[in-house]
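Below is one structure, written out as structure tokens, with a few remarks after it.
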Amino acid sequence: MTKEQLADPVWRITSGELYKISPSDGSGLQYFKPRPEQVSIVKAIYQGGAKQILIPKARRLGMSTTLGIIAADSLLFRKGWQGSLIDQNAADASRKLDKIVKVALEHVPDRLKAVTKFIKSNDSQVTLDIAATGDSSFYAGMNARGGSNDFLWVSEWGVVQHEDPKRSAKIRSGALPSARHGITVVETTWAGGKGGDVWELLEPTLTGKADDWTVLFFPWWVDPRNVSETAVIDEAAERYFEKIGPRLEREGVTLTEQQRRWWAAERRSQGIFMARENPTFIDECWSAPIKGAIYAEHIERARAEGRICSMPVDGSSLVHTSWDLGSPRNTVVWYF
């Protein structure tokens with residue numbers, strides 16, 4: 001590797017020659033060779049100039065690995081840098097710090113290892129001194145560290161906003177301002193429909209009212225591992241793919257038979273939470289059932305069986321209404 005290459009953060013992170021990872025599949029230590037969707041995040045930051053990135057996503061796409069490598073790279077190459085990870089719980093935050101960031105730092109080439117000194121390393125912090133030029137620190141936990149963050153990584157905020165609104169409000173009012181002059185990346189699966197702090201940040205961008213956030217959506221079908229040669233495509237899956245076929249065509253997406261087989265098997269496993277865990281389109285994220293939705297399973301079964309559809313209006317029939325009174329936004333009327 002040349003001096004010019006080491007001066008380029010995109011090359012350092014994406015070349016597959018500098019940082020190592022230890023995949024959860026037990027395949028052992030190996031160089032980080034990012035897939036196209038992972039590269040797009042790196043380029044959005046270092047070439048696109050994005051300061052606030054929101055990533056609604058499917059599970060297991062390697063977004064955390066990418067962001068952990070970005071944190072490790074910044075610790076090594078930016079003097080006096082500070083970053084923070086806020087996660088759904090302390091255990092997840094510590095795991096990402098230990099299994100991604102520290103693994104990358106501990107296995108850099110010897111020429112970098114020789115000038116790297118660990119000042120502090122525990123389950124919530126790593127601080128480095130590179131060639132005695134000054135400390136750089138990265139913190140991981142359920143809340144952001146005080147001070148100014150050059151890099152703020154918020155993981156699973158879409159779930160936190162639904163399950164713990166008070167903590168979500170603290171992230172919004174306390175953590176986000178800490179990175180006002182830095183970079184903020186939110187990567188998350190979704191819960192809670194169209195509501196919560198993350199939705200309020202996301203909705204203006206989706207509707208074209210604002211461009212404060214760069215939105216990068218990654219569906220299940222971008223993962224090359226999501227294929228099956230043997231799984232059965234059942235009737236519910238057939239109906240689903242028939243329904244979304246025109247939209248896939250409009251968006252230039254072609255799903256293989258193996259991908260459809262995988263989706264069918266995964267849906268049988270995930271049930272009503274398939275849209276949350278493995279969305280095909282970004283708007284499917286908001287359709288996932290929320291806690292307390294007592295009819296969610298029945299409605300999902302009706303949807304899978306094709307019983308939710310447009311029906312002709314019979315003007316000669318009597319229509320009854322049943323009212324569930326709430327605030328103006330929460331009053332619901334059933335017509336039958």
Side-chain angles (χ1 to χ4, degrees), residues 1-50 53 55 60-85 93-121 125-140 149-153 155 182-185 187 216 218 222-225:
M1 59 191 74
T2 66
K3 185 176 180 180
E4 289 73 22
Q5 288 173 326
L6 287 176
D8 179 5
V10 175
W11 182 89
R12 296 195 304 259
I13 296 168
T14 66
S15 67
E17 296 185 27
L18 196 59
Y19 297 113
K20 291 185 176 181
I21 59 173
S22 181
S24 58
D25 62 6
S27 55
L29 202 65
Q30 57 193 259
Y31 280 105
F32 175 59
K33 296 178 180 178
R35 296 191 299 271
E37 61 273 14
Q38 295 171 306
V39 172
S40 68
I41 297 173
V42 179
K43 289 186 174 181
I45 294 173
Y46 294 105
Q47 295 179 349
I53 302 175
I55 307 172
R60 303 180 299 276
L61 291 180
M63 299 300 113
S64 293
T65 300
T66 306
L67 296 172
I69 296 297
I70 289 173
D73 181 80
S74 299
L75 282 164
L76 282 171
F77 287 92
R78 293 187 59 184
K79 178 181 177 181
W81 178 88
Q82 177 175 308
S84 292
L85 161 64
S94 295
R95 190 178 303 111
K96 287 168 185 169
L97 176 63
D98 187 50
K99 301 298 183 182
I100 304 173
V101 180
K102 290 182 182 179
V103 165
L105 293 173
E106 290 166 356
H107 295 90
V108 292
D110 290 342
R111 62 189 291 190
L112 290 175
K113 195 176 296 183
V115 295
T116 304
K117 181 181 179 182
F118 281 82
I119 303 297
K120 192 169 186 178
S121 179
Q125 176 185 347
V126 59
T127 298
L128 299 185
D129 182 16
I130 308 300
T133 60
D135 298 354
S136 291
S137 297
F138 184 67
Y139 303 95
N149 278 299
D150 299 292
F151 179 66
L152 177 65
W153 166 15
S155 186
I183 294 167
T184 299
V185 182
E187 51 90 14
L216 301 174
F218 298 111
V222 301
D223 190 339
R225 299 169 299 179

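- Side-chain contact between Asp223 and Phe218: absent, with no pair of heavy atoms (C-beta onward) separated by less than 4.5 Å.
- Distance CG/Leu75 to CG/Asp129: 12.0 Å, rounded to 0.5 Å.
- Side-chain contact check for Val126 versus Lys120: every heavy-atom pair is 4.5 Å or farther apart.
- Nearest heavy atom pair, residue Ala71 against residue Phe138, reads CB-CE1, 3.9 Å.
- Side-chain atoms of Leu128 and Lys117, non-hydrogen and from C-beta on, never get closer than 4.5 Å to each other.
- Checking Val115, Leu105, Leu18, Leu6 one by one against Leu76, the side chain to side chain contact (heavy atoms under 4.5 Å, CB included) holds for a single residue, Leu105.
- The stretch residues 106-115 participates, sequence neighbours left out, in no salt bridge (charged side-chain N to carboxylate O under 4.0 Å, His left out) pair at all.
- Evaluation of the side chain to side chain contact (heavy atoms under 4.5 Å, CB included) rule for Ala104 yields Tyr19, Ile69, Ala72 as partners, not counting sequence neighbours.
- Looking only at side-chain heavy atoms (C-beta outward), Leu216 and Ile53 come within less than 4.5 Å of each other.
- Residues Ile183 and Ile45 form a side-chain contact, since some pair of their non-hydrogen atoms from C-beta on lies under 4.5 Å apart.
- Applying the side-chain hydrogen bond (donor to acceptor under 3.5 Å, both in side chains) test to pairs two or more places apart or on separate chains, those with a residue in residues 60-71 are Gln38-Thr66, Ser64-Glu187.
- In this structure Ser137 satisfies the side chain to side chain contact (heavy atoms under 4.5 Å, CB included) test together with Gln125, Thr127, Tyr139, sequence neighbours excluded.
- Side chains of Lys96 and Ser155: a donor-acceptor N/O pair is present below 3.5 angstrom, by distance only.
- Scanning both residues, Phe32 and Ile13, for their nearest heavy atoms gives CD2-O, 3.4 Å.
- Note that OG of Ser84 is 3.5 Å distant from CG of Asn149, once rounded to the nearest 0.5 Å.
- Partners of Gln30 by side chain to side chain donor-acceptor pair (under 3.5 Å), not counting sequence neighbours, listed by chain and number: Ser27.
- Counting only heavy atoms from C-beta outward, the side chains of Leu85 and Val101 never approach each other to under 4.5 Å.
- Nearest approach of Ile100 to Gly68, heavy atoms of both residues: CG2-CA, 3.6 Å.
- What you find for Trp11 and Glu17 is that their closest heavy atoms are CZ2-OE1, 3.7 Å.
- The two residues Leu112 and Val108 come nearest to each other via the heavy atoms CB-CG2, 3.9 Å.
- Under the rule for a side chain to side chain contact (heavy atoms under 4.5 Å, CB included), the partners of Pro9 that lie at least two apart in sequence or sit in another chain are Arg12, Tyr46, Asp73.
- Lys79 is not listed as a side-chain neighbour of Ile130, based on a closest heavy-atom distance of 4.5 Å or more.
- Partners of Arg35 under the salt bridge (Lys or Arg N to Asp or Glu O under 4.0 Å) rule, at least two apart in sequence or in another chain, are Glu37.
- Glu4 pairs by the side chain to side chain contact (heavy atoms under 4.5 Å, CB included) definition with Thr2, not counting sequence neighbours.
- Take Asp150 and apply the salt bridge (Lys or Arg N to Asp or Glu O under 4.0 Å) test, not counting sequence neighbours, and it matches no residue.
- Checked by atom type and distance alone, the side chain of Ser136 pairs as donor or acceptor with a backbone atom of Gly80 at under 3.5 Å.
- Taking every heavy atom of both residues into account, Val103 and Ser22 meet most closely at CG1-N, 4.2 Å.
- Considering only residues two or more places apart in sequence or on other chains, Lys102 meets the side chain to side chain donor-acceptor pair (under 3.5 Å) condition with Ser121.
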